[in-house]
Amino acid sequence: MDFDDTPEEAAYRQKVRAWIDANAPKALEAELRRAGFASSGVESVDPMAASTAWQKKKAEAGWACLHWPKEYGGAGASPIERVIWSQEEGAYGALSSQFIIGHGMCGPTMMAWASEEDKQKRLPPLASGEEIWCQLFSEPAGGSDLAGLRTRAEPASDGSGDWIVNGQKIWTSGAQVSDWGLLITRTDSSVPKHKGLTMFFLSMKTPGVEVRPIKQANGQSGFNEVYFTDVRIPDSQRLGAVGQGWEVSLTTLMNERLSIGSGMSSGFPELFNFCLEAEIDGRPAVDDAGVRSRLATFAVRQSGLKYTGMRALTALSKGETPGPENSIGKLVAGSTMQELAMFALDLQGQAGVVMDEDAPQNARFQGMLLRSPATRIEGGSDEILRNIIGERVLGLPGDIRVDKNVPFRDIPTSGRKG
Ligand SMILES: Cc1cc2nc3c(=O)[nH]c(=O)nc-3n(C[C@H](O)[C@H](O)[C@H](O)COP(=O)(O)OP(=O)(O)OC[C@H]3O[C@@H](n4cnc5c(N)ncnc54)[C@H](O)[C@@H]3O)c2cc1C
């Protein structure tokens with residue numbers, strides 16, 4: 001691949017740069033650059049308000065959801081134009097973190113499966129940031145093995161055609177601030193697990209939906225438990241046919257892999273800068289042979305990540321769907337981020353245990369360390385990604401699937417049938 005812009009790409013970049021320069025919330029730039037990973041990191045103002053304002057501004061000028069068609073609030077841009085936008089948006093991109101699930105996963109799923117009327121109604125407010133969406137997939141018994149989920153949707157007994165939902169979801173990011181959710185349920189337990197699922201979308205304000213935030217190790221509550229008690233959903237909010245939920249969920253999961261895997265940073269530039277500033281025995285840490293050796297290892301991995309990402313870009317620029325590159329990228333970036341944060345904390349000595357804005361680098365590596373296990377789980381855990389790479393890249397034998405073709409209700413759970 002030629003990494004330089006074509007004349008058209010250079011002109012597009014110029015246009016993007018000029019608009020961002022004239023419109024971005026510059027007062028927040030330094031704070032956003034200092035921010036830890038996976039959070040907007042804005043503390044001087046309400047992060048939600050800052051996020052919503054930036055999204056609204058982008059939408060009004062036609063820069064929201066670049067990859068979506070124009071009629072649904074997007075810009076109909078090419079994948080390369082989208083990459084150029086995100087390179088130019090830089091630190092301000094962190095302001096969009098609360099929209100990643102809606103824009104990257106729920107929106108594309110609605111586009112593929114909802115009625116034209118629902119697409120016209122639901123997608124523009126999602127693109128402009130007026131509405132936030134969440135992904136109600138994982139359950140205590142359905143994570144990596146999502147098809148093991150137990151939340152039930154049954155036809156209402158009053159003949160209305162509505163569905164009544166009972167059950168529990170967990171790890172639902174952003175549910176506490178979401179207006180809408182994409183919900184996968186079990187509608188038939190007499191068939192094998194993948195075949196008895198049905199997908200819906202619903203308002204998070206529907207009676208019977210209860211959101212309980214989960215307190216995390218870093219003090220934040222980014223995700224939640226969501227309980228459903230006799231929640232009534234009209235049949236018109238079903239996506240796909242009854243029993244076709246697995247197929248619908250694959251649209252979401254494919255887009256999730258593209259959203260989460262692409263262009264992940266491992267934190268190497270931040271570590272390198274820190275090593276220039278930090279001192280060991282009165283000399284810059286970067287002069288220490290041990291530090292240089294670790295930096296070299298991280299630099300090699302960082303290059304591997306960069307060029308693996310470029311391979312995905314090459315596929316996109318040719319109009320192809322990227323292969324397993326994003327699985328490789330996420331697998332390496334997640335563990336590198338964790339190792340790198342631990343190394344940075346070691347270099348900080350006693351200050352490494354302090355999580356305070358006066359700590360070195362405003363505690364960004366502390367935040368990175370506490371966040372990294374989540375990165376290694378969300379959107380496919382390390383082991384699941386290794387299975388994907390083993391099966392689809394290396395052609396190794398598939399994972400053992402003992403419940404294949406077994407009716408869901410006959411799969412034993414903790415010694416009883418479910
Ligand atoms: C930050 C974050 C945000 C999330 N946001 C959402 C969200 O918005 N909506 C949502 O629905 N879910 C969300 N999740 C949940 C996420 O999708 C699940 O945590 C993930 O799929 C793993 O499922 P689990 O937690 O049930 O772990 P399990 O599937 O129970 O896995 C436990 C362990 O067993 C290993 N394992 C499982 N199966 C295999 C196998 N076949 N071979 C080898 N090892 C295996 C796993 O790798 C893991 O180490 C989020 C998770 C995180 C961390």
Side-chain angles (χ1 to χ4, degrees), residues 36-39 97-107 109 132-151 167-178 180-185 193 197 199-202 204 211-228 245-246 248-257 259-261 264 327 330-331 333-335 337-338 367-392 396-404 413-414:
F37 277 58
S39 78
S97 57
Q98 68 183 351
F99 300 116
I100 290 175
I101 289 177
H103 293 166
M105 302 166 218
C106 302
T109 308
I132 298 176
W133 282 59
C134 62
Q135 178 195 16
L136 297 152
F137 281 24
S138 303
E139 298 186 9
S144 304
D145 180 20
L146 176 61
L149 64 91
R150 290 175 172 271
T151 293
Q168 184 209 340
K169 298 289 172 179
I170 193 166
W171 315 125
T172 318
S173 304
Q176 76 278 31
V177 292
S178 287
W180 292 87
L182 204 56
L183 170 70
I184 185 158
T185 63
K193 61 182 183 180
L197 305 175
M199 186 79 81
F200 298 92
F201 66 94
L202 87 165
M204 293 299 283
V211 177
R212 296 187 198 166
I214 296 171
K215 185 93 167 172
Q216 296 157 213
N218 60 5
Q220 297 170 350
S221 286
F223 40 40
N224 306 266
E225 294 179 298
V226 182
Y227 289 83
F228 297 85
W246 183 250
V248 182
S249 77
L250 290 182
T251 308
T252 319
L253 298 175
M254 206 177 75
N255 281 287
E256 179 172 41
R257 216 147 274 157
S259 287
I260 296 186
M264 275 186 82
S327 295
K330 179 179 174 294
L331 180 64
S335 56
M337 185 202 283
Q338 194 166 20
M368 207 194 272
L369 183 69
L370 292 179
R371 214 299 167 173
S372 52
T375 304
R376 297 181 67 177
I377 298 169
E378 67 185 334
S381 65
D382 283 6
E383 289 77 10
I384 296 302
L385 297 178
R386 286 200 176 93
N387 278 351
I388 292 172
I389 295 165
E391 290 175 27
R392 302 203 201 137
L396 298 174
D399 203 7
I400 301 161
R401 295 184 173 99
V402 287
D403 51 10
K404 201 175 172 188
T413 56
S414 311

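In listed order, ligands and their atoms are each counted from 1.
Under the salt bridge (Lys or Arg N to Asp or Glu O under 4.0 Å) criterion, Arg392 pairs with no residue at all, not counting sequence neighbours. The side chain to side chain contact (heavy atoms under 4.5 Å, CB included) search around Thr251 returns Thr109, Ala112, Trp113, Asn255, not counting sequence neighbours. Considering only residues two or more places apart in sequence or on other chains, Asp145 meets the salt bridge (Lys or Arg N to Asp or Glu O under 4.0 Å) condition with Lys193.
Here CG of Leu149 is found 7.5 Å from OG1 of Thr185. Values are rounded to the nearest 0.5 Å.
A donor atom on one side chain and an acceptor atom on the other are found under 3.5 Å apart for Thr151 and Glu139.
Considering only heavy atoms from C-beta on, Leu182 stays 4.5 Å or farther from Ile101 through its side chain.
Residues with a heavy atom under 4.0 Å from ligand 1: Ile101, Gln135, Phe137, Ser138, Gly143, Ser144, Trp171, Thr172, Ser173, Phe223, Arg371, Ala374, Ile377, Glu378, Ser381, Glu383, Ile384, Asn387, Asp399.
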